[in-house]
Every structure is written in C-alpha cells, then in structure tokens.
Peer 1: 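Supplied in structure tokens, the structure appears directly below.
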Amino acid sequence: MSSQPVFSQPEEAGFLPIAQLSLLVAKLMALGYRCLGPTVENGAIVMRELDAPDGLPRGLQAEQAPGRYRLTQDPHNRYFAWANGPQAIKPLVFAPKESLWRVERDAAGALQFAAVLPTAPAQAIIGVRACDLAALALQDAHFLHAGRRDAHYAQRREQLFLVAVQCAEPGATCFCASTGDGPTPTAGYDLALAELPDGFIAVAGSAKGDEVLNALSLAAATPEQIEAARQQGQAAAASQTRSLPGRNLRDTLMGRLDHPRWDEMAARCLACGNCTAVCPTCFCHAESDEPALNGKSSEHMRMWDSCFSESHGYLHGFNVRSDIRSRYRQWLTHKLATWHEQYGRSGCVGCGRCIAWCPAEIDLTEEVAALTTAEVQP
Ligand code: SF4
Ligand code: SF4
C-alpha cells in the first residue's frame, strides 16, 4: 500500500471522465469483486452491494451536527459529496455478532469442538474516506497483532479492495485535519480518487490497484487537474471548524481524572453506547455461549460491546465502572490518552460520527476543549 502524497504526480495519475465511473465498477465486478458502494438506507448512507456498475447514487450530501444527520441534495450533483455515513469499514471486517467456535456432542457423548470461520468473498468498497482508512489501520494493529492474530478479522481483511475518495466537502462534525487523518487519503488504499467537476483523478496505492488502473487505460491527468485536486483537499481541510487541541493528549487528560467536567458529561450522557457503535476504531466485544435447545450443541458468540454498558465493567463480583461518569471517562481517556501506550497514537481519527449520532448532542471536541482549557482546570 502507498504512503506517497496522493494526487501529486501527473505521470502516475489517470483521469477517469465522470461518465465512465461505471467502467471502474464493471472492471472490479469482472475481476470477481462483490462491489459495495454508498446506498441510502433509513435516511443514511451505508455501504451495500451494488446491483450494477452504474448503481452508484449521485447528488447526495449528508448534513451533520451534534445529534443530527440528514441527507440533502448536492447542488453540483457529485457522486461523493456526502462526508460519511454512520458506519465505516468496521462492520465489514469485525462483525457485530458472529460465532467463533461451536461444540457438539458426538454419538459416544463426547464433546467435539470446531472453529467456525467466516466465508469471506472478495469485496471492493467504493467511497472509503481517509478517516476510514486510518481507522482500519488502527483495527489492523489490534486484530492482526503478531501473536494474537484474529482469524475472523484476517480472513475478511485480506479480501478487501479499497477505493478511497478525497473528501471535498467535510461534514460540520468532521475534524480529521486536526488528527492528521484526512481529508485526502494518504495510505492504505488500493485506488484513490479525487472528484472534479468533469471526472476523477485516479491513483493506485497497491499492486492490485495498479492492475485495475492499467486495465482502464486512462489518459494521464493533466498538471491543472492535479493542482485542482490538491487545492480541493487543502480547502476541505481549511473548512473544518472542529478540532482537537493536539495529537497526543495523554498527559493532559490523565492529569485531569478528577475534573468537574466529567460530572457535567455524566449528567447528560444516556450511556446508550451509540458513540462506540459508530466509532470506526472501537473494538470492545463480549463473548457468550448460546446452547441449542436440544442440548446437543452450543455456539460461542462474539458481539460488539461498549464501555458504556454496565456489564462491560463487571469483574468477578463487582463493577469497576458502576456510574456513567466513570464509563464516559474510560471511553474518552482510552480513546485519546492510553491508546498511545497501546498503539502509538490516539484512537480517534476525527470522523465526527460520535458527535452526529449522540442523542444527547455531546460533542467530543467540545468536551476535550473544556477538559484541557487552562482556565477551567480544577
Ligand atoms: S456520549 Fe452520547 S452516544 Fe455516547 S453513550 Fe453517552 S449519550 Fe450515548
Ligand atoms: S472518537 Fe468519535 S470522532 Fe474519533 S474516531 Fe471515534 S467516532 Fe470518530
């Protein structure tokens, strides 16, 4: 995968006319990929299988604010004017609920254990954002860690072909520029696109991406088109109004564990767990056994869990996080502080989903600002 500055060299970038986007999808389908693209479902953009190469919707935008997500019409009728939907790539690699292994009683009455591995088709995801790629890299660090590689995650991850798209118009809740993760993709993609009024700059980031790009036989992008994409990325970054006050807040936040702001947050937070469900980097899960009614077999299930759930803090007879204050503090300080010790960076990629999908309109950037502003320190 590439880590070159994207959309910077005309000799490596092709130009795909707007009317020919379906050729890219058709090529991926011909190579055997199940193609997933933006689809409207229940008033939000989600990634679903495309029926046909020309099945990508045009002219959608997602208006986002704390506790608010509404689809609107893009006056420029672009394909990728929407900023992001409620889910990134996470559910496609880390399933919300799945069986890890099952046990059956054989004819002699002995228990037989068998691993359950998912069937993972080759999947191309079209419209992946820079923040989604950064989040996937963090999930890779967790699930593909040497010595504790997760077979279920790995099987799906290996089959992905990622078509990333530069965000030309971030949502009002986005702050990926301040985390260093967007709005232009820089690494982790197979193909990256930048949408201009008459077509797409296209660059490959992997051997698989090269193969697809070469098969399309595109004309080279002109220096003017490259410059337009570069400026579009810069303008998108400059348009973001939310930010975090630094990329490493470990010492600051861990020094404020008794700040009164945690109590104010706890009074508003419903502990619903929406923020952890939509967060593309959260990986907490719970495991349980589901025995068959006939008593002959049982499935060992894994499902997403949240540090906001009461059971998540339960340890052998007592709860280490019995109130919402401690659960919210756990979430924020793990994500932005102790994640640095585990993975060498913050666990937040600035996608803003936890802000848009919080029913209590809690804004992570506002809370961090309140916790870190010198005047309000306890
Ligand atoms: S911060 Fe918001 S989304 Fe997260 S648990 Fe609390 S109320 Fe739910
Ligand atoms: S903490 Fe919020 S803004 Fe950061 S990656 Fe998770 S959902 Fe996105």
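Keep in mind that this is a model prediction, so the values were computed, not measured. Just follow the structure's listing: the first ligand is 1, and inside any ligand the first atom is 1. Heads up: numbering here begins at 1 and tracks the sequence.
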Peer 1: Provide the tally of protein N/O/S atoms nearer than 2.8 Å to atom 4 (Fe) of ligand 1.
Peer 2: 1

Peer 1: Considering heavy atoms of the protein only, find what lies nearest to atom 4 (Fe) of ligand 2 and give residue, atom and distance to 0.1 Å.
Peer 2: Cys348 SG, 2.3 Å

Peer 1: So if I count the atoms of ligand 2 from 1 in the order they appear, which ones are less than 4.0 Å from some heavy atom of Leu364?
Peer 2: 1 (S)

Peer 1: Side-chain heavy atoms nearer than 4.5 Å, only ILVMFWY residues, links allowed to pass through others: does that put Leu136 and Trp339 together?
Peer 2: yes

Peer 1: Counting heavy atoms not belonging to Arg58, are there more than 12 under 6.0 Å from its CZ?
Peer 2: yes

Peer 1: Salt bridge or not between Glu264 and Arg261? Use side-chain N to carboxylate O under 4.0 Å.
Peer 2: yes

Peer 1: Output the list of atoms in ligand 2 that are nearer than 4.0 Å to some heavy atom of Gly352, sorted by atom number.
Peer 2: 3 (S), 8 (Fe)

Peer 1: By the definition side-chain hydrogen bond (donor to acceptor under 3.5 Å, both in side chains), identify the one residue from Arg302, His142, Gln139, Gln155 that meets it with Asp150.
Peer 2: Arg302

Peer 1: Which of the listed options, Ala134, Cys131, Cys351, holds the heavy atom that is closest to atom 8 (Fe) of ligand 2?
Peer 2: Cys351

Peer 1: A side-chain contact here means heavy atoms from C-beta on lying under 4.5 Å apart; do Asp74 and Phe80 qualify?
Peer 2: no

Peer 1: Would you sort out whether Phe308 and Asn274 count as a side chain to side chain contact (heavy atoms under 4.5 Å, CB included), showing the intermediate values?
Peer 2: CA-CA 9 Å; Phe308 286 91; Asn274 260 21; over 6 Å; no

Peer 1: Using a 4.0 Å cut-off to any heavy atom of Cys279, which atoms of ligand 2 qualify?
Peer 2: 5 (S), 6 (Fe), 7 (S)

Peer 1: Consider only side-chain heavy atoms of I, L, V, M, F, W and Y, link residues closer than 4.5 Å, and tell whether Val40 and Val278 are in one cluster.
Peer 2: yes

Peer 1: Closer than 4.0 Å to some heavy atom of Phe175 - which atoms of ligand 2 meet that?
Peer 2: 3 (S)

Peer 1: I'd like to know if Lys208 and Glu158 make a salt bridge, using a cut-off of under 4.0 Å between side-chain N and carboxylate O.
Peer 2: no

Peer 1: Which pairs pass salt bridge (Lys or Arg N to Asp or Glu O under 4.0 Å) with one or both residues in residues 332-341, sequence neighbours excluded?
Peer 2: Arg250-Glu341

Peer 1: Would you mind running through ligand 2 and noting each atom that sits below 4.0 Å from a heavy atom of Val349?
Peer 2: 4 (Fe), 5 (S)

